[in-house]
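Structure record follows, encoded as structure tokens.
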Amino acid sequence: MSLFDHSIDELHQLLHKKEISVSDLTEESIQRVNEVGEKVGSFLHLSEEGARKKASELDEILSSDGIKGSLFGIPGGIKDNIMTKGMPTTCASKLLDGHDPVYDATVMNLLNKENFVNIGKLNMDEFAMGSSTENSGYKLTRNPWNTDRVPGGSSGGSAAAVASGEVLFSLGSDTGGSIREPAAFCGIVGMKPTYGRVSRYGLVAFASSLDQIGPMTRTVKDNALVLNAISGHDHFDSTSVNESVPDYSEVMTGDIKGLKVALPKEYITGGVHEEVREQILKAVKRFEELGAVVEEVSLPHSQYATAAYYVIASSEASANLARFDGVRYGQRVEGENLIEMYKKTRSEGFGDEVKRRIMLGTFALSSGFYDEYYKKAQKVRTLIKQDFEEIFLNYDVVIGPTSPTTAFKLGDQVDEPLTMYANDVLTIPVNLAGVPGISVPCGLGKDTGMPVGLQIIGNHFDEKTVYKAAYAFEQATEFNKQKPEL
Amino acid sequence: MVLSYLLIITLWNIQITDREVKLMERITKERVKHIAHLSRLELSEKEVEKFAKQLDEIIDYAEQLNELDTERIVPTAHVLEVKNVIREDKARPSIKREDTFKNAPDHEDGQFKVPRIIE
């Protein structure tokens, strides 16, 4: 048994009783990374020395003052699009090769305040564009459950690191499903909070009206603990919201009697694979056994979400990624004049998917097409948001699959952008509406043997109810105890 | 009644034809080259061909949004009703000057250096 089979609470008890030290936890993490690193490939940058140093500092604090901080001594990993001072941050892009951040993201300041131990930076799709982590400019990450399959994406390294027991928690970012889909594919818990709940300061922007940072963990309780640590208003991010942050642990009682649960019919029909549907319908039954009231509803505009998303997200990306021009940071490729330098730098630095989306966004925003695509997509976004508003008048949460399939094989969808985009059909509406959504383990699919994720969606700023439902389901099923053999 | 129905069908057909024409004109290789230039990207002929095909497929997929009547719908740019966020105009600590150049490919005398701009 690994130390990481314990929850953060349990580990804190062991630390308190001096049965283990922070250094033990850090060594366990580093050893595991060295053991499975080659097979899984979660990390882009391993901070062995830094982690050891931090661990021995924390051990001193432990012996003098005890446990100081909600994540005291807990080894975690950070997606590579989050600024970490003293540790490279490249967004898995060759363009930012060696980029050494001059400041910490707000979430890093908050995690550091809770005294976590940063093990390193995790692989991802370049600039968070992708659903399989195959768009990384550096390496492949493999699914710990079956290394022929993808870990999902774009936070694939973050999901694989937690699933393979390399770290106890990680941070990911989610623009269209990039936390929830890899969490589902790797059989862990992944939360995309309400837009505005967590500061985006220091998160390299992809689509600013959709991006959110969120925690990835083995258990729901640990997840809530990390979210509690990173939530809150930040004056460095003008879209972060000044809402009070409740203590999520209070709602984790396992009691969901009378909870009103909506099951959108669009989420269990269509392209949803049979092995996924089967597990989801079992989950529905489990909710009913726990005393929840589940009713079928409709989110009539969800079928348009993917199209609207790719127009909106790519448009925002085309503007956001204009900053990567080889002037202030990143790798420069010289040219005869300024424009040529820009072009050479960006053409050599960016991968195909990033180029595709920049061009799609540039096209959608160009004169003559703006109204037809961009404005139209934003109007459809309103319809999708209204779908959810209507549901939440009468229901506490919405449930359904996180992804229509389980993890697919490496290489299967690489050159098929539209097929790849379809993976996010059930997660995208949540980003467009700005509401919170979690993926929790929901058993293994009978055909592939790969994990299935159950998605639970709540109303704006109601992460509390989402966690309440997720925790009750987790405790009733214990799917989170299932681990990949590596 | 029948007549107006026919009229609608005809108008609809014209609209479709319009769209088809537009679709053909939309993602030509020339257009990809123009978009690439606006995006400050340099593409090989082979890439132009590949991206033309892929972008056309994606745009074609996005066309389904036109199935929805959104005449009276207000576009959503931002999901939360946040207004402009302002703060007092007071100096506060920022990143040190030498740090700003830490990741710069080229700099001189406290300025970012770029290739010749004016011929």
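Naming convention: chains lettered A, B, ... in sequence-line order (proteins, then strands); numbering from 1 in each chain.
Using a 4.0 Å cut-off between a side-chain N of Lys or Arg and a carboxylate O of Asp or Glu, A:K85 and A:D104 do not qualify as a salt bridge.
Residue B:K50 touches chain A through its side chain alone, counting heavy-atom pairs closer than 4.5 Å. For A:L432, the part lying near chain B is the backbone, with the side chain staying farther off; criterion is any non-hydrogen pair under 4.5 Å. Only the side chain of B:R92 comes within contact range of chain A, with heavy atoms under 4.5 Å apart. With a 4.5 Å cut-off on non-hydrogen atoms, B:Q111 does not touch chain A at all. For B:I35, the parts lying near chain A are the backbone and the side chain together; criterion is any non-hydrogen pair under 4.5 Å. Contacts between B:V114 and chain A at a heavy-atom distance below 4.5 Å involve backbone atoms as well as side-chain atoms. Both the backbone and the side chain of A:K355 come within contact range of chain B, each with at least one heavy atom under 4.5 Å from a heavy atom of that chain. For a residue to count as touching a neighbouring chain, one of its non-hydrogen atoms must lie under 4.5 Å from one of that chain's; by this rule A:L418 touches chain B with the side chain only. Using a 4.5 Å cut-off between heavy atoms, A:Y103 touches chain B through its side chain atoms alone. For B:Q54, the part lying near chain A is the side chain, with the backbone staying farther off; criterion is any non-hydrogen pair under 4.5 Å. With a 4.5 Å cut-off on non-hydrogen atoms, B:V85 touches chain A through its side chain but not through its backbone. Within the 4.5 angstrom heavy-atom criterion, only side-chain atoms of B:I95, from C-beta onward, approach chain A. Looking at A:V241, only its side chain comes within 4.5 Å of chain B, counting heavy atoms on both sides.
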Worksheet item: Does the salt bridge (Lys or Arg N to Asp or Glu O under 4.0 Å) test come out yes or no for B:E49 and B:K29, once each step is laid out?
Response: CA-CA 7 Å; B:E49 217 159 286; B:K29 283 199 256 174; 3.5 Å; yes
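For the set A:L96, A:T239, A:I358, A:D352, the entry with the most heavy-atom pairs within less than 4.5 Å of chain B is A:D352. Annotation: maximal heavy-atom pairing with chain A below 4.5 Å, among B:V74, B:I59, B:T100, occurs at B:I59. Considering only heavy-atom pairs separated by less than 4.5 Å from chain B, the leading option among A:E348, A:Q386, A:R356 is A:R356. Counting heavy-atom pairs closer than 4.5 Å to chain B, the top-ranked of the candidates A:V311, A:T306, A:I312 is A:T306. Interface remark: of the candidates B:N84, B:I58, B:V32, B:I86, B:I58 forms the most heavy-atom pairs closer than 4.5 Å to chain A. For chain B, the option among A:G330, A:G98, A:P101 with the highest count of heavy-atom pairs below 4.5 Å is A:G330. Comparing A:S347, A:S208, A:A308 by heavy-atom pairs within less than 4.5 Å of chain B, the highest count is held by A:S347.
Pairs passing the ring pair (Phe, Tyr, Trp, His ring centres under 6.0 Å) check and including a residue from residues 30-61 of chain B, sequence neighbours excluded, do not occur.
For A:H460 and A:F388, the gap between ring centers reaches or exceeds 6.0 Å. A centroid separation of 6.0 Å or more is found between the aromatic rings of B:H107 and B:F112. Outside the 6.0 Å centre-distance limit, the rings of A:F369 and A:Y374 are not counted as a close aromatic pair.
Interface residues of residues 314-328 of chain A toward chain B, defined by a heavy-atom distance below 4.5 Å and sorted by number: A:G326, A:V327, A:R328.
Summarising the local packing, CD of B:E98 is surrounded by more than 12 heavy atoms from other residues, nucleotides or ligands at distances under 6.0 Å.
With no hydrogens or angles considered, a side-chain donor-acceptor pair links A:S209 and A:R381 at under 3.5 Å. For the residue pair B:S39 and A:T362, a side-chain donor N or O sits within less than 3.5 Å of a side-chain acceptor on the partner. Between the side chains of A:N431 and A:D174, at least one donor N or O sits under 3.5 Å from an acceptor N or O. Side-chain contact, A:T194 with A:E463: a donor N or O sits under 3.5 Å from an acceptor N or O. A side-chain donor-acceptor contact under 3.5 Å links A:D234 and A:T106. In this structure, a donor-acceptor pair under 3.5 Å is present between the side chains of B:E63 and A:Y373.
The distance from the NE2 atom of A:H301 to the CG atom of B:L65 is 11.0 Å, given to the nearest 0.5 Å.
Closest non-hydrogen pair, B:L55 versus A:M359, comes out as CD1-CB, 4.1 Å. The nearest pair of heavy atoms linking A:A313 to A:L210 is CB-CD1, 4.0 Å.
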